[in-house]
Protein chains: 2
Amino acid sequence: MDTTSNGAEGAVVPATKAAATRDRILAAAARTLSLKGYSATRLADIAELAGLRPPAVYYYFASREELIAEVMAVGQSRLREHVETVLAALPHDTPPMDRICAAVEAHLRVELDLSDFATAVSRNSGQLPEDIRARLREDSAAYFELWRDLLATAKAVGAVRAGIDLRVARMLVMGALNWTPEWWNPRQGSLTGVIRTAQSLVRHGLGAP
Amino acid sequence: MDTTSNGAEGAVVPATKAAATRDRILAAAARTLSLKGYSATRLADIAELAGLRPPAVYYYFASREELIAEVMAVGQSRLREHVETVLAALPHDTPPMDRICAAVEAHLRVELDLSDFATAVSRNSGQLPEDIRARLREDSAAYFELWRDLLATAKAVGAVRAGIDLRVARMLVMGALNWTPEWWNPRQGSLTGVIRTAQSLVRHGLGAP
DNA sequence: GCGATTAATGAATCTAGATTAGATTCAAAA
DNA sequence: TTTTGAATCTAATCTAGATTCATTAATCGC
C-alpha cells in the first residue's frame with residue numbers, strides 16, 4: 001500500500017517500477033528538505049537518499065527546481081487535503097470551536113508525523129524563490145481560506161471573543177503550528193501532548209468564556 | 001545617535017568612518033537577510049545595498065559566513081536585550097501575566113519594527129548552517145530561559161490554566177511570534193493591532209479564567 | 001534469446017558566486 | 001610636495017554544485 005519508510009505518506013501504490021523510483025526521489029527530496037532546509041539541500045543528498053547518482057534524477061525531473069517545486073506542491077495539497085478530510089468526517093452539528101480544534105490536530109499530525117512533504121512546506125515556504133512560491137499560491141490560498149472560514153463561522157455564532165482581529169488571530173495560530181517542526185522532536189515529547197496544549201491554547205485564546 | 005534608515009536600529013554612533021562603513025555593511029546584510037532569506041542572500045546584494053563592490057566587504061569581514069554570523073549574533077542579542085529592558089522597566093508588582101503580555105509586545109516590536117537584525121534571526125534561524133547555529137546557541141538559550149521563567153512564574157501564582165504543558169505552550173507562543181515576519185506587512189495592518197490580538201490570544205490562551 | 005525501449009551511470013561541462021590579487025584613489029601626516 | 005596607509009576598485013581565480021552527454025546495464029515484449 002505504500003513505498004516509504006515514513007509511516008503514512010499516503011501515496012497510491014505506483015503502477016510501474018519507474019513510477020516507484022520517481023516517488024522514491026520525491027520522498028527523498030521531501031525528507032531532505034524537511035531536515036536540512038532549502039538552502040542546504042543538495043541534489044546529491046537527495047540522490048543518495050534515494051539510492052541513485054545525481055544524474056539519474058534528471059531522468060524523472062527537468063531540474064532541481066522542478067523537483068523541489070513538486071515536493072512543495074504535494075506537501076501543500078496534502079496538508080490541505082488531510083485537514084479537509086478530517087473536517088469533512090466530523091458530525092454536521094460539531095460546534096465551530098470543536099472544528100477548529102480538529103483542524104489544529106489534523107494540521108499538527110500531518111506536519112509532525114504523517115508527511116515529510118507537509119513538513120517541507122512549513123519549514124521552507126518562507127525561503128522559496130518567487131518562482132516556486134508562485135506555483136503554490138493557489139493551493140496555499142485555498143488553505144488559508146479554509147481557516148478563514150473556520151474562524152469566521154466561529155465568530156458568527158459568538159464563539160470568538162470580541163476584540164480579536166480574525167485575520168491576525170488566524171495568522172498567529174497558523175504561525176504557532178507552522179513553527180512546530182523547528183522545535184518538536186518525536187523522541188522527547190508525545191505528539192498528543194503537543195496537540196492537547198495547542199488545542200487548549202487556541203480554544204481559550206480565541207473563545208468566549 | 002544613529003546611522004541607519006530603519007527607525008531605531010540602536011547602534012552607537014560609530015567612532016570612525018571605517019566603522020561606519022562596517023556598520024553599513026552589517027545593516028545591509030541584516031536587511032537583505034530579513035527580506036530575501038538566507039539562501040537568496042548574495043554577497044553582491046549586500047554590497048550593492050551598502051554602496052560597495054563585493055570585494056570591499058572582505059576588508060571588514062573574513063567571509064560571507066562570518067558576516068552573516070555576526071548579523072545573527074547581533075539580532076539574537078538585540079531581541080533578547082530589548083525584551084529584557086522592557087521587562088526590567090515594569091513596576092515590581094506587575095502581575096506575571098501582564099509581564100508576559102509586555103514581553104509579547106516587546107518581541108513583536110523589535111521583530112517587526114525596530115530591527116532588521118531581529119527579523120533576520122527569526123526568519124532564518126531554522127536555515128542556518130550548523131556552524132553559525134552553534135554560535136547563537138548560548139544567547140538563544142538565554143532568551144528561551146527568559147520565557148521559561150516568565151511562564152513558570154505565572155504558573156506558580158496560579159495564573160496559568162491546568163493541563164497546559166509549559167514547554168509546549170512556550171514554543172507555540174514563540175512560534176506564533178516568530179512567524180509574524182512571514183505575513184505581517186506594515187502597509188496593510190497596524191502593528192498595535194497585531195500586538196493587541198497576540199496579547200489577547202496569549203492571555204486567554206494560557207490564563208486561568 | 002533478441003532487438004528495442006527504459007533506467008541509470010561516470011566522466012565532462014557549465015555557471016553562479018565567493019574569494020583573492022594587485023592596482024588605484026585619496027585624505028592626512030610629514 | 002612627498003609619503004603613507006586606509007579604503008576601495010577591477011579583473012582574475014577557484015569551487016561547489018547543477019546539468020549534459022555518450023555509454024552501459026537492465027527490462028520487456030515477442
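Order of the sequence lines fixes the chain letters, A, B, ..., with proteins taken first and strands second; residue numbering starts at 1 for each chain. None of these values were measured; they are calculated from a predicted model.
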A.B. asks: Less than 4.0 Å between a side-chain N and a carboxylate O, is that true for A:R78 and A:E81?
C.D. replies: no
A.B. asks: When you measure from the side chain of A:S200 to the backbone of A:T197, do you find a donor-acceptor pair of N or O atoms at a distance under 3.5 Å?
C.D. replies: no
A.B. asks: Just the atom pairs and distances: protein N or O near nucleotides 11-15 of chain C's N or O, under 3.5 Å.
C.D. replies:
none

A.B. asks: Check the phosphate of C:dA8 against A:R53, side-chain N and O only, distance under 4.0 Å to OP1 or OP2. Yes or no?
C.D. replies: no
A.B. asks: Please report, rounded to the nearest Å, how far the C1' atom of D:dA22 is from the OH atom of A:Y58.
C.D. replies: 17 Å
A.B. asks: Give a yes or no on whether the backbone of A:M174 and the side-chain of A:N178 come within a donor-acceptor separation of less than 3.5 Å.
C.D. replies: yes
A.B. asks: Taking only side-chain N and O atoms of B:S63, does any of them lie within less than 4.0 angstrom of OP1 or OP2 on C:dA18?
C.D. replies: no
A.B. asks: Do the ring planes of B:H107 and B:W147 sit parallel (below 30°), tilted (30 to 60°) or perpendicular (above 60°)?
C.D. replies: perpendicular
A.B. asks: For B:L35, does its backbone N or O pair with a side-chain atom of B:R123 as donor and acceptor, under 3.5 Å?
C.D. replies: yes
A.B. asks: Which part of the nucleic acid, if any, lies within reach of A:A56 when heavy atoms closer than 4.0 Å are counted: base, sugar-phosphate only, or nothing?
C.D. replies: base
A.B. asks: Starting at atom CD of B:E65, determine the distance to atom P of C:dG17, rounded to an integer number of angstrom.
C.D. replies: 18 Å
A.B. asks: Side chains of A:W184 and A:L191: does their closest heavy-atom pair fall under 4.5 Å?
C.D. replies: yes
A.B. asks: Measure all distances between protein nitrogen or oxygen atoms and nitrogen or oxygen atoms of nucleotides 23-28 of chain C, and list the pairs falling under 3.5 Å.
C.D. replies:
none

A.B. asks: Between C:dA7 atom P and A:I25 atom CD1, what is the distance in whole Å?
C.D. replies: 11 Å
A.B. asks: So if I take every side-chain heavy atom of A:Y59 and compare against C:dA18, C:dT6, D:dT10, which nucleotide ends up nearest?
C.D. replies: C:dT6
A.B. asks: Is any side-chain N of the basic residue among B:E66 and B:R135 closer than 4.0 Å to the acidic one's carboxylate O?
C.D. replies: yes
A.B. asks: Does B:Y38 have B:R64 sitting over its ring (NZ/CZ under 6.0 Å from centre, angle to axis within 45°)?
C.D. replies: yes
A.B. asks: On the nucleotide C:dA8, are OP1 or OP2 found under 4.0 Å from the side-chain N or O atoms that A:Y60 carries?
C.D. replies: yes
A.B. asks: To the nearest Å, how far apart are B:R64 CZ and C:dG17 C1'?
C.D. replies: 9 Å
A.B. asks: What is the distance, rounded to the nearest whole Å, between atom CZ of A:F61 and atom P of C:dA8?
C.D. replies: 12 Å
A.B. asks: Calculate the interatomic distance between A:R22 atom CZ and C:dT6 atom C1'; express it in whole Å.
C.D. replies: 16 Å
A.B. asks: Restricting to side-chain hydrogen bond (donor to acceptor under 3.5 Å, both in side chains), what partner residues turn up for B:R203, sequence neighbours left out?
C.D. replies: B:D98
